[in-house]
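For this chain, numbers begin at 1 and follow the sequence in order. Whatever order the structure lists ligands and atoms in, that order sets their numbers, starting from 1.
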Amino acid sequence: MEVVKAVVFKHDADVKPLLEAFNQMVNECMEYALRYGVNSPMKLEKALYDEFKQKYGLATHYCISACRVACSALKSWRRLVKKGRADKNKPPVFKTLAMRLQKGLMRFKEDKIVVTVKPRQWVEIPLIIGSYQAQFVEAWRKGELKLGEITLLEDKAIATFKKEVQEVAPKGYASIDVNLMSLDVLKTNGESLAYKKTDLKKLYGIRVHYFKKRRKIQRLSKYKPKTSKRLMEKYSKREKRRIDDILHKITANIVRELVKEGISPVFEKLKGLNYNATRNHHAKRKNRKVSSLPYWKIQRFIEYKMAWHGYKTHYVNAKNTSKTCPRCGSLSQAKGQVYECKHCGYEADRHFIACVNILNMWGTGFSPKALNELIEREELGGNESNRLLHIPT
Ligand SMILES: [Zn+2]
């Protein structure tokens, strides 16, 4: 299978005029498309090509690219309007100063990108290359990686590298349960089981911090709308960066371990973004926006990081994974962090229960004996007498 990785290179070349010109082109494309009801990039290109050539004088690629970006932005806007999530009287505006550079428009030269601006006119963008970026450049030079598109921004370039990997047959599976305060992993290699909880309180703390900040800024919006908007954007970006940073570190650690042991991850299928918030009604009521932590990101980060090493990520239906008793199979609702079975009295951490059930649903074989050993070793049962599970084999 082909796997793709996006690598960020910082740069300090002045590409702002170029990006601004492109931005303007996209917005003009959208206006034209809306006014004359044009939906296809090809038709749009035909209609605007001469005008753009004269006005901007940029290479043909820019025109093609602007038309494509405009059409796809309009398409997703129309979809949102249909769902009632966007105002049909407020067409989208292309705000980002960013541009995709297709193969025909640039050459990647290890330490710089050479971008065609006009026929026979180029701009050089020297890249800042750290040790992380260097390993990809090196692999690309050796021919181990192929270069895909590059997205150019004001201060960075995001390059996609591709490679063909052989799918690895896993030696075992790990169920991963992601929730508000922790990330729980239950690994099995078919024989023994291992369980690990990663604390996500820090992540949650950051969300709460920025949630409070946003609320303060919102109050400002009445008499200082511009300042409020600017601050909102600034803090949203900062929050995203901090959260993503932590998520990358956490997921990289998990992936390193799984790859070392030859284990594939299994997740619950997410139902919409607020999946865990809806599962935990208490958290939903108490925290509202704060509770919508980007769980899907953890799944996506792990999935593409595993894919890079040739491992597939699997998903099971989320139904009752946190309610089913692993000992007797009956359903009970967890209270807070503790799961207690109404039927047999088995008590344990609710996220541990979810992990056991996800692995069971995936159908990977681990013996009741292995589970009992784990529960004893890690003291994962509520009390001595009912800690051991008796799963009929
Ligand atoms: Zn039970």
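Listing protein N, O or S atoms at distances below 2.8 Å from the Zn ion (ligand 1), with waters left out, gives C325 SG, C328 SG, C341 SG, C344 SG.
Electrostatic pairing of E303 and R300 does not count as a salt bridge here, judged by no charged N lying under 4.0 Å from a carboxylate O. Salt bridge present: E373 and K369 bring a charged side-chain N and a carboxylate O closer than 4.0 Å. Salt-bridge check for K335 with E340: failed, with every basic side-chain N at 4.0 Å or more from each acidic carboxylate O. The existence of a salt bridge linking K213 and E239 is excluded, since no basic side-chain nitrogen approaches an acidic carboxylate oxygen closer than 4.0 Å.
Between F301 and H248, the angle of the ring planes stays under 30°, which puts this pair in the parallel group of the 30/60° scheme.
For the pair K90 and W77, the NZ or CZ position fails the cation-pi test of under 6.0 Å to the six-membered ring centre and within 45 degrees of the ring normal.
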